[in-house]
*Asks:* 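There's a structure below that I have some questions on.
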Amino acid sequence: MTDVLRIRDLNKSFGGIVVADDINLDLRAGRVLGLIGPNGAGKTSLFNLVTGVVKPDTGSITLDGQSIDALPIYQRARRGLARTWQNLRLFPSLSVLDNVMLGPRDYPGEKLTSLIFDARGVARRQAEERDRAHAILKRTGLAGVAQSRVQDIAYGQQKLVGVARALMNDARCLLLDEPMAGVEGQAYGAIQRVVRDIAESGVAVCVVEHNVAFVRDLCDEGVFMFAGKVLARGTVGELIADPRLTELYFGT
Amino acid sequence: MEYVVTIIILVGLFVILAASFDLIIGYCGLISIAHPIFYAIGAYTSAMLAKEAGFPVPLAMLMGAGAALVSSILVALPSLRVSGDYLLIASIGFQLGLIELAKHFHEIGGAGGLTNIPPFLIREVGREAYAVLVVVIAALTVWFVRWMATGPYGRMMSALRDDELAFSMLGRNAIWVKVSVFGIGSAIAGLAGGLYAHYFRFIEPDQFGLLASSAVLTMVVVGGMRTTWGPVVGAIVLQLLPQVITFFGLPPSVLGPLQGIMFTGLVLVFMFMRPQGLIAASDLWRGREGGARHD
Ligand SMILES: Nc1ncnc2c1ncn2[C@@H]1O[C@H](COP(=O)(O)OP(=O)(O)O)[C@@H](O)[C@H]1O
Ligand SMILES: [Mg+2]
C-alpha cells in the first residue's frame, strides 16, 4: 500500500492557539481515513495546512513522494490535491454545471495563448470537460439540477456540488470537510456511495465528520484529533469505544 | 460636419475605454480606476515614436498598446501578489505620479502638452475615414470583451469574483487571471490612446487624471457593468451630455469642474437608485456554448 500524502512534524499556532502540534499522518491510496475530534480540534486547520491555505510554522508535506511545501494552493491542486469546504464555498454566480466545470486540473483556455491561437482546440477540450462534468453530475445524482443556480438547490445537493467539483480534479488525494453536516435523505446515500467509489478507484481520501454512523460505515481507519494533536489512530470502532476519547469528544 | 465626425470619434474612443474597463472592473472585479493612465501611455508612446523616431503611425499605435500592456503588468503584478486591495492604491499612485512626472519632462511637452503629433489618414483620406477606423476598432473591442466574457475566461472571472480561495483550490491561478485581464484591458486603452493622439494631434498630462477616471467609471456604472451594451450606452450618453452643456456657452473654468460634479453626481445617483445601471446584467453567468444538454 502506497502513501499518497505524507505529513511530517507539522506545527502551527495562531497566537496562543495551537492548531497543529507535531502532526505525523499518512494517507494511503484506496483508503478512507476518518478525522474525528470535537469542534476546534484543528481538523479544518489541518486541511488548510495541507492545501496551502495556511502556511505551517514547521513541518513538511509530500504528495506522491514530492514535497509540496513551497507550492501555492493552485499548484497543489494541479498535482492532484482536491478538497471540499466545511462552509461550501460554491460560486453563486455560476450554475451547478459551471461550478463543476471549473474543476479540471488543466482547465482548457486558462492559457491565453491557447485561448487566442488555438480556439478550436480549447473548444474541443471544453466540450470534453463538459461531458466529464455531466458524467460526474449523473454519478452524484445532480444531473437534474445541472442548469440550476447553486443557491436554488437543497443544502444536501449543494454539498454534493462541492464534492462533484472536487471530483473533476481526478485527484490523487481528496479531503472532505464535514460532507454530511446538514445533509439528509437522498444526498446522504449518494455522498456515501460516491466516496466509497472514489476510494476504490485508488484515491487517498480523508473525511472530517461528526456523524458517527457515517464515519463507521465508510472509513477504513480513523484518527482522533484534539487541541491540534493526533491522539490515537485505529478503526473507527476502536476510537469510539475508547472512553478517554469519548470524554474529550463530548467535553467536560 | 467636422464637429460631428469629431464627436463620433470621441464617442468611439470612450466606447473602447469603457468596454475595456468593464472587462477589468466589471467582469474580473479588479478594483482600479487608473484606466486613463494606460490610455495616456499609449497616446504618448505612439505620438513620440511617430514624431521623434519616424515610426509609421499604425506601428507606433501598436507599440503604444504594447507599452500600456507592459506597464500595466508591472503595476498589477506586485500589488496583486500582496492582495487585491493594493491594486487600487498602487494604480492611482502610478497614475498621479506619472502625470506629475510627465509635466516635468520637456522632451514630451511637459505640462503644456505635446503638440504637432503626426496625423494619420486625415490628410490622405479624410476625417470620415478616421471615424470609420475608430468605430470599427470600438466594435471589435465590444465584440472581444463579449467573447472573453462568455467563454472559458468568463467562467473563470465569475468564479474568481465570487470566491478567490475556492477558485484557487480548483487549480486555477487567480493572480495570472487577474494580471492577464488587467494587462489586456490596459493594452486596449493604450491603443485608444494612440487613436486619440493621431487625430487630435495634441495631448497634455492633465487630461488623463482623476476627471478622466471618473468619466470612464461613470460610463460603465451608468451604462451597466458586466453587460455587452452597457459601456456603449454609457459612453454615448456621457459623451453627448457634456456636448449639450457646451451649448450654454459657459467659460472653460466653470465647464471642467461642472463636468466633474456631474459625473460624480451621476455615479452616486445610480449607486443608490439603480446600481445595476441602465442595462442590468444577469446575476447568473451564461456561456456562449449554451450547454443546455438534456439526457
Ligand atoms: N486563521 C485563524 N486565525 C486564528 N485562529 C484560527 C484560525 N483558523 C482556525 N483558528 C482556530 O483554531 C482552532 C481550530 O479550528 P479548526 O481547525 O477550524 O477546528 P475544527 O475544524 O476541528 O473544528 C479554533 O480554535 C479556531 O478558532
Ligand atoms: Mg472544521
Side-chain angles (χ1 to χ4, degrees), chain A residues 48 51-53 72-85 88-95 97-112 114-116 119 122-123 125-127 129-131 133-134 138 143 146-150 152 162 165-166 168-169 175, chain B residues 23 26-29 69 73 80-81 140 143-144 147-185 187 225-226 276 281-295:
Chain A
N48 287 342
T51 51
V53 174
I73 301 169
Y74 79 92
Q75 281 182 12
R76 295 183 193 208
R78 288 182 186 181
R79 297 270 180 99
L81 187 63
R83 79 177 280 185
T84 66
W85 305 84
L88 292 169
R89 305 197 82 122
L90 302 179
F91 306 119
S93 47
L94 295 178
S95 70
L97 176 65
D98 286 315
N99 263 268
V100 175
M101 278 196 65
L102 276 160
R105 272 194 224 183
D106 182 14
Y107 179 85
E110 182 161 2
K111 278 206 194 71
L112 274 171
S114 66
L115 187 68
I116 291 167
V122 169
R125 287 235 27 239
Q126 281 275 336
E129 296 297 353
R130 185 182 305 275
D131 289 344
H134 275 295
K138 203 174 240 175
Q147 304 297 334
S148 306
R149 306 161 193 265
V150 289
D152 291 346
R165 196 170 68 171
M168 280 299 274
N169 181 290
L175 311 174
Chain B
L23 187 64
Y27 290 105
C28 204
L69 174 72
I73 290 174
L80 287 173
R81 283 183 80 94
L140 282 175
W143 172 84
F144 174 77
W147 180 79
M148 285 285 284
T150 56
Y153 241 74
R155 187 189 288 113
M156 285 205 292
M157 290 189 290
S158 290
L160 177 59
R161 271 199 331 271
D162 282 348
D163 192 328
E164 181 169 343
L165 190 54
F167 179 75
S168 305
M169 195 63 242
L170 295 178
R172 307 283 72 80
N173 187 346
I175 292 175
W176 166 249
V177 170
K178 291 194 228 178
V179 170
S180 301
V181 171
F182 194 74
I184 291 173
M225 273 197 196
R226 255 174 274 140
Q276 67 274 45
S282 155
D283 56 356
L284 186 68
W285 182 82
R286 285 278 178 221
R288 59 172 170 268
E289 296 100 340
R293 210 191 74 166
H294 301 286
D295 55 339

*Asks:* Nearest 0.5 Å, what's the CH2-CG distance between B/Trp285 and A/Asp98?
*Replies:*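 Interatomic distance, B/Trp285 CH2 to A/Asp98 CG, rounded to 0.5 Å: 5.0 Å.
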*Asks:* Check each atom of A/Arg89 against the heavy atoms of chain B and say whether the ones under 4.5 Å are side chain, backbone, both or neither.
*Replies:* both
*Asks:* Are there over 12 heavy-atom neighbours, none belonging to B/Trp147, within less than 6.0 Å of that residue's CH2?
*Replies:*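 Yes, enclosed.
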*Asks:* Tell me, please, which residues at least two apart from A/Gln126 pass side chain to side chain donor-acceptor pair (under 3.5 Å).
*Replies:*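 By the side chain to side chain donor-acceptor pair (under 3.5 Å) rule, A/Gln126 matches B/Arg155.
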*Asks:* So for A/Arg79, is it side chain, backbone, both, or neither that comes closer than 4.5 Å to the heavy atoms of chain B?
*Replies:*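 Interface part for A/Arg79: neither.
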*Asks:* Nearest 0.5 angstrom please: A/Leu94 CG to B/Arg161 CZ, how far?
*Replies:* 8.5 Å
*Asks:* I'd like to know if the side chain of A/Tyr107 and the backbone of B/Gly171 have a donor-acceptor N/O pair within less than 3.5 Å.
*Replies:*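 No, the answer is negative, given that no donor and acceptor are paired below the 3.5 Å cut-off.
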*Asks:* Going by heavy atoms in the side chains, are B/Asn173 and A/Arg78 under 4.5 Å from each other?
*Replies:*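 Sidechains of A/Arg78 and B/Asn173: in contact.
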*Asks:* Within the structure provided, determine whether A/Leu112 and B/Tyr153 are in side-chain contact (heavy-atom separation under 4.5 Å).
*Replies:*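 Result yes, sub-4.5 Å side-chain heavy-atom pair found.
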*Asks:* Looking only at non-hydrogen atoms, find the nearest pair between B/Met148 and A/Leu115 and report the distance.
*Replies:* SD-CD2, 4.1 Å
*Asks:* First locate atom CE of A/Met101, then atom CE of B/Met156, and finally report the distance between them rounded to the nearest 0.5 Å.
*Replies:*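 Going from the CE atom of A/Met101 to the CE atom of B/Met156 covers 11.5 Å.
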*Asks:* State whether the side chain of A/Glu110 and the backbone N or O of B/Arg172 hold a donor-acceptor pair below 3.5 Å, judged by distance alone.
*Replies:* no
*Asks:* Side chain, backbone, both or neither: which part of B/Leu160 has a heavy atom under 4.5 Å from chain A?
*Replies:* neither
*Asks:* Minimum heavy-atom separation for B/Ser168 to A/Ala77, with atom names?
*Replies:* O-CB, 4.3 Å
*Asks:* Heavy atoms only, distances under 4.5 angstrom: which of A/Leu102, A/Leu90, A/Ile73, A/Asn99 has the most pairs with chain B? Name it, please.
*Replies:*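 Answer, by heavy-atom pair count under 4.5 Å with chain B: A/Leu102.
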*Asks:* By side chain to side chain donor-acceptor pair (under 3.5 Å), which residues pair with A/Asp106, not counting sequence neighbours?
*Replies:*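 By the side chain to side chain donor-acceptor pair (under 3.5 Å) rule, A/Asp106 matches no residue at all.
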*Asks:* Under 4.5 Å from any heavy atom of chain B, what part of A/Pro72 do you find: side chain, backbone, both or neither?
*Replies:* neither
*Asks:* B/Asp163 vs A/Trp85, test: side-chain contact (heavy atoms from CB on, under 4.5 Å). Steps then yes/no.
*Replies:* CA-CA 12 Å; B/Asp163 192 328; A/Trp85 305 84; over 6 Å; no
*Asks:* Below 4.5 Å, heavy-atom pairs only: which of A/Arg149, A/Gln75, A/Arg83, A/Arg76 has the largest tally toward chain B?
*Replies:* A/Arg149
*Asks:* What distance do B/Ile184 atom CD1 and A/Ile116 atom CD1 have between them, rounded to the nearest 0.5 Å?
*Replies:* 5.5 Å
*Asks:* Which atom names give the shortest non-hydrogen contact between B/Ser158 and A/Ser93, and what distance separates them?
*Replies:*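 Closest heavy-atom pair between B/Ser158 and A/Ser93: O-OG, 3.8 Å.
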*Asks:* In Å, rounded to the nearest 0.5 Å, how long is the span from CG of B/Leu284 to CD of A/Gln147?
*Replies:*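 B/Leu284 atom CG to A/Gln147 atom CD measures 9.0 Å (nearest 0.5 Å).
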